[in-house]
Amino acid sequence: AKEAGKGTYVLYGQAMQQHFDERMIIEKHLRNAISNNELSLHYQPLVDTASGGIWGFEALIRWNSPVLGFVSPLSFIKIAEDCRLIVPIGEWVLRAACRFIKELHTEGYEGYHISVNISVIQLMLDDFTDMVLGILKETGLPPEYLELEITESIFMESFEAISSKLESLKERGIGIALDDFGTGYSSLSYLKQLPITTLKIDKSFIDSIDTPNNMSLARSIVTIGHDMGLKVTAEGVETREQLAFLERTSCDKIQGYFISRPIPEKDVASWVEGRRA
Ligand code: C2E
Ligand code: CA
Ligand code: CA
Ligand code: CA
């Protein structure tokens, strides 16, 4: 039991205390992760379904802490958001990803796009738009090769402010993908108001495409997206059957272990060569 002032006592469960300690430890070590070079990016290919060619890559952050070992983004991104470390980390990710893809272009791998996950905390910053445009200028990557991945929950925060930022980036040619689509609560009329270019169907709809229900759901999402003038990407594609189905439904891009797992930066060029061969 812990005293919570004025003679009232609050009971903390042991699990809750443990959870809290874990967060503190992660936060403490994450604070120096950038300056200690503990962060890196892996790149997962996205394939253009119609041509079979590589459209580009999604940048996925990796953290190798000398103390904690490999920590999954699923366990540290939320913490980084809560303590706002996601601001410098997110900027580091965007810069590293744009720089890398520009390098690939320079080395003769032209035309590849890069998709970068953006947190709502970043989008709420007044200088978010300037930060993105600044990094494009600094790295020399033309805006049409950059796509930002956002989730529906972003728009729950401050719809007007966030929409206008995304709208101005979109006008410059940057793609805006709505990630994990289908897991949120957006109504279709709401969807129409969002400044986006792509719907990214959540893995949960792809998982059991062999069940008739999910099959028609995935098919409907592709149709709705196309009717709204959007491109549609499927994430989490793991089997030949899922791929074949998505090709039949004219889903524009696919991503998943069936194509490739996320690839460490140093191995990307050789993966591309291997696929071309
Ligand atoms: P996400 O954006 O939905 O990314 C897809 C996740 O699914 C990645 O996990 C990827 O490795 C995994 N994945 C891809 N294909 C398959 C598949 O075929 N089967 C299965 N089972 N999994 C697949 P990862 O890299 O662990 O990232 C987890 C989440 O962490 C991401 O989910 C994203 O929300 C977040 N995240 C990762 N990097 C960043 C980043 O740089 N910034 C922000 N804000 N969030 C990030
Ligand atoms: Ca994503
Ligand atoms: Ca996703
Ligand atoms: Ca997902």
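This structure is a prediction, so every number in the text was calculated from the model and none was measured.
With rounding to the nearest 0.5 Å, the separation of CG in D267 from CD in E265 is 10.0 Å. Taking OG of S65 as the start and NE2 of H29 as the end, the distance is 6.0 Å to the nearest 0.5 Å. Note that CD1 of I34 and CG of L30 are 8.0 Å apart. Values are rounded to the nearest 0.5 Å. Atom CD1 in I54 sits 10.0 Å away from atom CG in L104 (nearest 0.5 Å). The distance from the CG atom of L246 to the CD1 atom of I201 is 6.5 Å, given to the nearest 0.5 Å. To the nearest 0.5 angstrom, L191 atom CG is 5.5 Å from L194 atom CG.
Other residues, nucleotides and ligands contribute only 12 or fewer heavy atoms inside 6.0 Å of the CE atom of M24. By the 6.0 Å contact criterion, CZ on R276 is enclosed, its count of non-hydrogen atoms from other residues, nucleotides or ligands being greater than 12. Within a 6.0 Å radius of CG in D21, other residues, nucleotides and ligands contribute more than 12 heavy atoms. By the 6.0 Å contact criterion, NZ on K231 is open, its count of non-hydrogen atoms from other residues, nucleotides or ligands being 12 or less.
Of the possible donor and acceptor atoms, one in the side chain of H105 sits under 3.5 Å from a partner among the backbone N and O of Y112. Of the possible polar contacts, one joining the T239 side chain to the Q242 backbone as a donor-acceptor pair under 3.5 Å is found. Judged by distance alone, with hydrogens and angles left aside, the side-chain atoms of Q122 form no donor-acceptor pair with the main-chain N or O of I118 at under 3.5 Å. Here the side chain of S260 pairs no donor or acceptor atom with the backbone of P45 at under 3.5 angstrom. Using a distance-only test at 3.5 Å, with no hydrogens or angles considered, a donor-acceptor pair links the side chain of D202 to the main chain of S204.
With contacts defined as side-chain heavy-atom distances shorter than 4.5 Å, the pair L94/M131 qualifies. No side-chain heavy atom of R62 sits less than 4.5 Å from a side-chain heavy atom of P264. Residues E91 and I135 meet the side-chain proximity criterion, which asks for heavy atoms closer than 4.5 Å. A heavy-atom distance below 4.5 Å is found between the side chains of I150 and I176. Side-chain contact between C98 and L136 is present, with heavy atoms from C-beta onward closer than 4.5 Å. Proximity of F100 to F57: side-chain heavy atoms (C-beta onward) are nowhere separated by under 4.5 Å. By the 4.5 Å heavy-atom criterion applied to side chains, T198 and L230 are not counted as neighbours. Looking at F181 and E152, their side chains come closer than 4.5 Å, going by heavy atoms from C-beta outward.
Of the candidates K170, K253, K200, E147 forms a salt bridge (Lys or Arg N to Asp or Glu O under 4.0 Å) with just one, namely K253. For the side chain to side chain contact (heavy atoms under 4.5 Å, CB included) with I174, the lone residue among T197, L166, V132 that qualifies is V132. Partner S115 forms a side-chain hydrogen bond (donor to acceptor under 3.5 Å, both in side chains) with one of E149, E58, Q255 and no other, that one being E149.
Contact between A80 and I89 at its shortest, heavy atoms only, is CB-CD1, 4.4 Å. Pairing each heavy atom of A97 with each of I114, the nearest pair is CB-CG1, 3.9 Å. The two residues I162 and V120 make their nearest non-hydrogen contact at CD1-CG2, 4.3 Å. Taking both residues in full, the closest heavy atoms of E167 and P195 are given as OE1-CB, 3.3 Å, listed atom of the first, atom of the second, then distance. In this structure, E238 and K203 approach most closely via the heavy-atom pair OE2-CE, 3.6 Å. Scanning both residues, L41 and A59, for their nearest heavy atoms gives CD1-CB, 4.3 Å.
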Verdict with supporting geometry, I224 and V232, side chain to side chain contact (heavy atoms under 4.5 Å, CB included): CA-CA 9 Å; I224 288 166; V232 182; over 6 Å; no
Criterion salt bridge (charged side-chain N to carboxylate O under 4.0 Å, His left out) on D82 and R23, from CA distance to verdict: CA-CA 10 Å; D82 292 346; R23 291 179 68 93; 2.3 Å; yes
Candidate pair K165 and E160, rule salt bridge (charged side-chain N to carboxylate O under 4.0 Å, His left out), full reasoning: CA-CA 9 Å; K165 283 178 207 165; E160 293 300 330; over 6 Å; no
CA sep, side-chain torsions, deciding dist, call: E38, N32, side chain to side chain donor-acceptor pair (under 3.5 Å): CA-CA 8 Å; E38 294 164 19; N32 300 314; over 6 Å; no
Side chain to side chain contact (heavy atoms under 4.5 Å, CB included) between L46 and I254, worked out: CA-CA 6 Å; L46 282 99; I254 48 160; over 6 Å; no
Criterion side chain to side chain contact (heavy atoms under 4.5 Å, CB included) on I77 and I61, from CA distance to verdict: CA-CA 9 Å; I77 291 291; I61 195 168; 4.2 Å; yes
Worked verdict on S163 versus Q193 for side chain to side chain contact (heavy atoms under 4.5 Å, CB included): CA-CA 9 Å; S163 294; Q193 304 174 39; over 6 Å; no
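Inspection of the E247 and T49 side chains reveals no N or O donor paired with an N or O acceptor under 3.5 Å. For the residue pair Y109 and E273, a side-chain donor N or O sits within less than 3.5 Å of a side-chain acceptor on the partner. Using modelled atom types and a 3.5 Å distance limit, the side chains of S51 and D48 yield a donor-acceptor pair.
The pair E107-K102 fails the salt-bridge criterion, with no side-chain N (NZ, NE, NH1 or NH2) lying under 4.0 Å from an Asp/Glu carboxylate O. Using a cutoff of 4.0 Å between basic side-chain nitrogens and carboxylate oxygens, R172 and E144 are not scored as salt-bridged.
The aromatic rings of H113 and W55 lie parallel to each other, their planes meeting at an angle below 30°, with 60° marking the opposite boundary.
Among pairs with a residue in residues 127-141, those fulfilling side-chain hydrogen bond (donor to acceptor under 3.5 Å, both in side chains) read R95-E138, at least two apart in sequence or across chains.
Within the cation-pi definition used here (under 6.0 Å to the ring centroid, within 45° of the axis), R248 does not qualify as a partner of F245.
W63 has its ring centre less than 6.0 Å from the ring centre of F76.
Side-chain heavy-atom separations under 4.5 angstrom define the hydrophobic clusters, and L60 shares its cluster with no other residue.
Put simply, I25 and V67 are part of the same group of oily side chains (I, L, V, M, F, W, Y) that touch within less than 4.5 Å, one to the next. At a threshold of 4.5 Å between side-chain heavy atoms, the hydrophobic network of Ile, Leu, Val, Met, Phe, Trp and Tyr places Y257 and Y43 in two separate groups. Linking ILVMFWY side-chain heavy atoms closer than 4.5 Å, directly or via other members, places L199 and V47 in a single hydrophobic cluster. In the hydrophobic cluster analysis, where Ile, Leu, Val, Met, Phe, Trp and Tyr join through side-chain heavy atoms closer than 4.5 angstrom, I86 is grouped apart from L74.
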